[in-house]
Amino acid sequence: MGKPMQKLLIATNNKGKVEEIQDLLKDINVELMTPNDIGLKLDVKEDGNTYAENAEKKAVAFARASRLISLADDSGLEVDALDGAPGLYSNRYLSKPNATDAERRAFLLANLRNKPRPWNAVFHATIAIAIPGNASVQFASGECKGEIIPEERGTGGFGYDPIFFIPEMNRNMAELSMEEKNRLSHRARAVMNAKTILKEVFGL
Ligand code: ITT
């Protein structure tokens, strides 16, 4: 009888991230679990000063609660004309609780309205991997450059994807298939960098 497959928890409550990370890690020989699969509801306070601090908080809290090796992602959109905002606060850009992605996009565009174009921007993602009972957390990051445009295009992805134009594809992020997004996104690059860590952690 073979050894049972080792498990990795995708430590996020964001459905879009779960789907992308599942696809990005489909070639790695571990069983991918979601908080939903194990009935875990955890809302981690993201009060760190960096993506890494927030990613670490999420990975450690989920690893502690689940006893599983956990991979968290903290990400954000940095817009040059807004001095890097919303950045670390991309999810909490509107103070209103339970704001929708569409409301966040409308707010971003309202803040950009009087700024000269092009509205250059970069998506950033930092991944943290935590092992239960082990204090040292490991990190990987990735970025994707583009431009914010005022007209919404596409239905794929999530968050700011419908207004994020990628010059090399001549399309918006939300117009890409998951496979295409997963070849060039900030998260794809971060997960690619994280694979070396995962292989070492799981002894693969
Ligand atoms: P978890 O903390 O549970 O992972 P979250 O949505 O709160 O989920 P973040 O705190 O990292 O995640 O916030 C990131 C926000 O940045 C996210 O909600 C989107 O608004 C935006 N964002 C991140 N990656 C994105 C992507 O690939 N496409 C579009 N928007 C993205």
Side-chain angles (χ1 to χ4, degrees), residues 9-24 34-36 40-63 65-66 70-79 82 84-94 96-109 121-130 139-149 152-166 169 171-191 194:
L9 180 69
I10 304 175
T12 174
N13 297 316
N14 180 316
K15 220 172 127 262
K17 286 189 191 178
V18 169
E19 285 167 11
E20 290 177 14
I21 295 170
Q22 279 173 330
D23 182 64
L24 287 163
T34 67
N36 215 10
L40 178 59
K41 285 199 174 64
L42 196 59
D43 205 11
V44 181
K45 194 157 181 241
E46 295 182 36
D47 54 4
N49 292 315
T50 59
Y51 296 105
E53 274 179 44
N54 284 338
E56 174 167 1
K57 272 176 189 273
K58 292 188 267 191
V60 168
F62 275 89
S66 65
S70 298
L71 179 154
D73 160 306
D74 199 62
S75 40
L77 173 69
E78 296 166 8
V79 184
L82 300 175
L88 203 57
Y89 306 99
S90 294
N91 192 24
R92 292 156 287 158
Y93 195 28
L94 278 169
K96 185 178 141 200
N98 305 321
T100 63
D101 281 346
E103 287 172 323
R104 280 189 273 267
R105 291 193 297 272
F107 186 60
L108 179 72
L109 291 176
V122 57
F123 267 128
H124 179 93
T126 293
I127 279 176
I129 296 160
F139 300 94
S141 294
E143 289 196 335
C144 177
K145 286 191 176 147
E147 191 188 314
I148 302 300
I149 59 154
E152 301 228 345
R153 286 194 212 142
T155 54
F158 64 95
Y160 299 93
D161 285 348
I163 53 170
F164 189 84
F165 176 75
I166 303 160
M169 300 296 281
R171 275 179 289 163
N172 286 5
M173 194 81 112
E175 293 180 291
L176 305 183
S177 65
M178 160 116 74
E179 197 201 6
E180 287 171 319
K181 181 174 176 184
N182 274 352
R183 260 186 262 136
L184 55 78
S185 80
H186 48 311
R187 184 161 300 103
R189 290 176 176 145
V191 170

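Ligands are counted one by one from 1 in listed order, and the atoms in each one are counted from 1 as well.
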Run the numbers for me: atoms of ligand 1, each under 4.0 Å from some heavy atom of [X], listed by number.
X: Asp74; value: 9 (P), 10 (O), 11 (O)
X: Glu46; value: 2 (O), 7 (O), 10 (O)
X: Lys58; value: 1 (P), 2 (O), 4 (O), 9 (P), 10 (O), 11 (O)
X: Gly159; value: 29 (C), 30 (N)
X: Lys181; value: 26 (C), 27 (O), 28 (N)
X: His186; value: 24 (N), 25 (C), 26 (C), 27 (O)
X: Lys17; value: 1 (P), 4 (O), 5 (P), 8 (O), 9 (P), 11 (O), 12 (O)

Which residue supplies the protein heavy atom nearest to [atom], what is that atom called, and how far is it?
atom: atom 24 (N) of ligand 1; value: Arg187 NH2, 2.9 Å
atom: atom 28 (N) of ligand 1; value: Asp161 OD1, 2.6 Å
atom: atom 8 (O) of ligand 1; value: Asn14 CB, 3.5 Å
atom: atom 20 (O) of ligand 1; value: Tyr160 CE1, 3.2 Å
atom: atom 1 (P) of ligand 1; value: Thr12 OG1, 3.4 Å
atom: atom 16 (O) of ligand 1; value: Ser90 CB, 3.3 Å

Taking [X] for its side chain and [Y] for its backbone only, find out whether a donor-acceptor pair lies under 3.5 Å.
X: Glu19; Y: Gly16; answer: no
X: Glu175; Y: Arg171; answer: no
X: Ser185; Y: Asn182; answer: no

Starting at [atom1] of [X], measure out to [atom2] of [Y] and round the result to the nearest 0.5 Å.
X: Asn91; Y: Tyr160; atom1: CG; atom2: OH; answer: 7.5 Å
X: Glu56; Y: Phe139; atom1: CD; atom2: CZ; answer: 4.0 Å
X: Leu77; Y: Arg105; atom1: CG; atom2: CZ; answer: 11.5 Å

- Message: The criterion is salt bridge (charged side-chain N to carboxylate O under 4.0 Å, His left out); which residues satisfy it with Lys96, sequence neighbours excluded?
- Response: Glu103
Any [X] heavy atom less than 4.0 Å to ligand 1:
X: Asp73; answer: yes
X: Met173; answer: no
X: Arg92; answer: no

Closest to [atom] (judged by heavy-atom distance), picking from [options]:
atom: atom 3 (O) of ligand 1; options: Asn13, Leu42, Ile10, Asn91; value: Asn13
atom: atom 17 (C) of ligand 1; options: Phe123, Tyr51, Phe158; value: Phe158
atom: atom 23 (C) of ligand 1; options: Ala99, Gly156, Ser75; value: Ser75

- Item | Under-4.0 Å salt bridge between Asp74 and Lys57 | no
- Message: Strictly below 4.0 Å, N to O, side chains only: are Lys181 and Asp161 in salt-bridge contact?
- Response: yes
- Note on the structure: The residue among Ile129, Leu9, Thr12 that forms side chain to side chain contact (heavy atoms under 4.5 Å, CB included) with Leu71 is Ile129
- Message: Please verify the inter-ring angle class for His186 with Phe123; under 30° counts as parallel, over 60° as perpendicular, anything in between as tilted.
- Response: parallel
- Quick check: are there more than 12 heavy atoms from other residues, nucleotides or ligands sitting under 6.0 Å from CG of Asp43? no
